[in-house]
Amino acid sequence: MKKIWIIIAVVAMCATTALYAQENNPKAMIQKRIAYMKEHVELSGKESQNFWKVYEEYLNAEMRAMDAYRKNLEKQGIKLGAPGTNKEAIEKLNDKQLSYLQDQKFELRKTLLNLETTYYKKYKAILTPRHLQNLYNTEYQYKKHLTAKKKEGKKEEESGPVNMGKKKR
């Protein structure tokens, strides 16, 4: 009986590790986003054939910009976690680091806006105005979906583990 519980525990840990690794894998994250978008954005055959390659190109460029941002911060000794978890890390920064962080945030926003502008023009050449509007609405919904999932996960963490012990009598 002990062996069964040990096997179950090992399998559960491996599954959890695999899920965590997949969520932190940029390529897997991009593929999840594309899958979501394909499910919610209906395009004609020709539009679809041309668009999804360009969209994946955009997502990869966005990911590279975010990676460059993080690497620039790390060079200055600034190590931040996921958004919303940085309050303590930011409080520990000195004035020079805070100034650099703000400068880099501004540069990242400019880079992302330039990317969006470039790819908007490419999208516009492929998609109808209605499909383009649907794309941007769906991206907004996707971000809301991720935020809700993240909040859901935090609530589960805060409430603690579900009572897996003996039943109360």
Are any side-chain N or O atoms of [X] and backbone N or O atoms of [Y], one a donor and one an acceptor, separated by less than 3.5 Å?
| X | Y | result |
| --- | --- | --- |
| Thr111 | Glu107 | yes |
| Gln97 | Asn94 | yes |
| Glu62 | Leu112 | no |

inquiry  = Please evaluate residues Glu47 and Thr128 with respect to the criterion side chain to side chain contact (heavy atoms under 4.5 Å, CB included), reporting the C-alpha separation (whole Å), side-chain torsions for both, the decisive distance (0.1 Å), and the verdict.
reply    = CA-CA 9 Å; Glu47 284 177 324; Thr128 66; 3.4 Å; yes

note = Between Met29 and Tyr142, the two heavy atoms sitting closest are O-OH, 4.4 Å

query = Minimum heavy-atom separation for Leu108 to Ala65, with atom names?
reply = CD1-O, 3.9 Å

Distance (rounded to the nearest 0.5 Å) between [X] [atom1] and [Y] [atom2]:
| X | Y | atom1 | atom2 | answer |
| --- | --- | --- | --- | --- |
| Glu116 | Glu139 | CD | CD | 8.0 Å |
| Tyr119 | Leu59 | OH | CG | 9.5 Å |
| Lys105 | Tyr69 | NZ | OH | 5.5 Å |
| Ile78 | Leu93 | CD1 | CG | 5.5 Å |
| Lys27 | Asn60 | NZ | CG | 7.0 Å |
| Gln76 | Glu74 | CD | CD | 11.5 Å |

task = For Asp95 and Ser99, run side chain to side chain contact (heavy atoms under 4.5 Å, CB included): C-alpha distance rounded to whole Å, both residues' side-chain angles, the deciding distance at 0.1 Å, then the answer.
result = CA-CA 6 Å; Asp95 286 349; Ser99 179; over 6 Å; no

ask   = Is Lys143 close enough and on-axis enough to Tyr140, meaning under 6.0 Å and within 45°, for cation-pi?
value = no

Partner set under side-chain contact (heavy atoms from CB on, under 4.5 Å) for Thr138, not counting sequence neighbours = Tyr36, Met37, His40, Val41, Asn134

ask   = Under the side-chain contact (heavy atoms from CB on, under 4.5 Å) test, which residues partner Gln133, sequence neighbours left out?
value = Asn137

Heavy-atom check, side chain of Gln31 versus side chain of Glu56, under 4.5 Å = yes

message = Could you check whether any side-chain heavy atom of Leu80 comes within less than 4.5 Å of a side-chain heavy atom of Leu101, counting everything from C-beta outward?
response = yes

task = State which residues pass ring pair (Phe, Tyr, Trp, His ring centres under 6.0 Å) with Tyr55; sequence neighbours excluded, sorted by chain then number.
result = Phe51, Trp52

ask   = Is there a side chain to side chain contact (heavy atoms under 4.5 Å, CB included) between Tyr120 and Lys124 once you walk through the steps?
value = CA-CA 6 Å; Tyr120 169 73; Lys124 199 172 174 184; 3.6 Å; yes

inquiry  = Taking atom OH as the centre, does Tyr136 end up with more than 12 heavy-atom neighbours from other residues, nucleotides or ligands that are less than 6.0 angstrom away?
reply    = yes

query = What do you reckon, is CD of Glu91 surrounded by more than 12 foreign heavy atoms closer than 6.0 Å?
reply = yes

inquiry  = For Arg70, is there an ion pair with Asp67 - N to carboxylate O distance below 4.0 angstrom?
reply    = yes

